[in-house]
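What follows is a short report on a single structure.
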2 protein chains.
Amino acid sequence: MNIGQASKASGVTTKMIRYYHEIGLVQPASRSDSNYREYDERQINELRFIKRARSLGFSMEEITQLLSLWRDRSRPSREVKAIADRHLAHLNARIAEMQAMADTLQHLSLCCAGDERPDCPILADLTSGTEPTERAGRQTLVQRAR
Amino acid sequence: MNIGQASKASGVTTKMIRYYHEIGLVQPASRSDSNYREYDERQINELRFIKRARSLGFSMEEITQLLSLWRDRSRPSREVKAIADRHLAHLNARIAEMQAMADTLQHLSLCCAGDERPDCPILADLTSGTEPTERAGRQTLVQRAR
DNA sequence: GATAGACCTTCCCGTCATGGGAGGGTCAAG
DNA sequence: CTTGACCCTCCCATGACGGGAAGGTCTATC
């Protein structure tokens, strides 16, 4: 199987497969005489694993750890769970931050007439510079909103 | 006021202020004889506006639009509201995606013993490659998880 | 007036996971 | 033997910054 076939079989783009090789996430596939990458079922399964993990929002670094635990038949499930729980906490924190933004925006939007007149509570809020409640620091908060 | 004083007054780092100049978000401040940027109250207010908008998760592009409406005293509040509502929809969509991830993870985590044994429903799920419900396409879904 | 150190300037690189595309080699079918 | 669909590597871009180098400026103290 060359990279195109591996891509179809795994649902991961060729660009991403090459990137995963580059960062050492998956072992380099063997190469044909003409320097084409070659894949077998094992690689395909790893690519599917990565894809699924990405769809759950794990970072590449976390996936590196998960993959290595996956390959280790004697791993303690404790370690897997720890990674999952850490990520879950991360997700919940970000959800809460974004929910706070959404709540504020929802409120402002409801207060805004949305007509031809210039008066606008949304702009008024942005002007007044009401500080968000300072839980984790605003810059972090903003960064994570991305 | 030079850039350091503007930074303290607005709560925006000097790096960010220079970046906002670079992308044309705020009008270039005047320059002193020694090429130092100079700021007045107007600039400070704009920086505070940007900071507050960022804390609500608006992108730079949206803030560009919001700033131009803010400067226009005859803007219709309809336009401001449209931007806010679009962003709100965006936020809600991303929250829903992340919540779906969190729900799945929460379930898997609860099913995982988290002990010394290697059996792990989390890894099993990643292996089986259960596809996420295909609403908006998985790649978009994954990208947004960042 | 000299020197220190706290500022300012521009410029370039790195982030993270990925897409786009150039420039060139390879393979299979017609 | 050509065509077009692949493959290769390498570089650039994304968004919203942070870090840091190399060099100019200001201010306070000696």
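Letters A, B, ... mirror the listed sequences (proteins, then strands); counts begin at 1. Keep in mind that the numbers below use all heavy atoms, side chains included, and drop hydrogens, waters and symmetry copies.
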- Task: May I have the distance from A:Ile63 (atom CD1) to C:dT18 (atom P), rounded to whole angstrom?
- Result: 8 Å
- Note on the structure: A correct 5'-to-3' footprint of nucleotides 6-12 of chain C, with B, S and - meaning base, sugar-phosphate only and no protein heavy atom under 4.0 Å, is -BSBBB-
- Task: Would you mind reading off the distance between A:Glu22 atom CD and D:dC11 atom P, rounded to a whole angstrom?
- Result: 11 Å
- Task: Taking salt bridge (charged side-chain N to carboxylate O under 4.0 Å, His left out) as the test, write out the residues that go with A:Glu38, two or more places apart.
- Result: none
- Take the protein atom CD1 of A:Ile17 and the nucleotide atom P of C:dT18, then report the distance between them rounded to whole Å. 12 Å
- Message: Does A:Asp103 form a side chain to side chain donor-acceptor pair (under 3.5 Å) with A:Gln99? I'd like the steps, not just the answer.
- Response: CA-CA 6 Å; A:Asp103 289 347; A:Gln99 191 62 60; 3.1 Å; yes
- Answer yes or no: is there an ion pair linking A:Asp119 with A:Arg117, defined by an N-O contact shorter than 4.0 Å? no
- Item | Presence of A:Tyr20 side-chain N/O under 4.0 Å of C:dT18 phosphate oxygens OP1/OP2 | yes
- Task: Would you indicate what B:Phe58 reaches in the nucleic acid, counting non-hydrogen atoms under 4.0 angstrom: base, sugar-phosphate, or nothing?
- Result: nothing
- Task: Anything under 30° is parallel, anything over 60° is perpendicular, the rest tilted; go ahead and classify B:His87 against B:Phe58.
- Result: tilted
- In short, A:Arg75 meets A:Leu69 closest at the heavy-atom pair CD-O, 2.9 Å
- Message: Tell me the interatomic distance from A:His21, atom NE2, to D:dC10, atom C1', rounded to whole angstroms.
- Response: 17 Å
- Specify the separation, in whole Å, of atom CZ of B:Arg54 and atom P of D:dG15. 12 Å
- Message: Whole angstroms only, please: what is the CE-C1' distance between A:Met16 and C:dC16?
- Response: 12 Å
- Grab the CD1-P distance between A:Ile23 and C:dA17 for me, whole Å please. 7 Å
- Between atom CD in A:Glu61 and atom P in C:dT15, what is the gap in whole Å? 12 Å
- Item | Verdict with reasoning, A:Glu46 to A:Arg42, per salt bridge (charged side-chain N to carboxylate O under 4.0 Å, His left out) | CA-CA 6 Å; A:Glu46 294 190 349; A:Arg42 177 176 173 76; 3.5 Å; yes
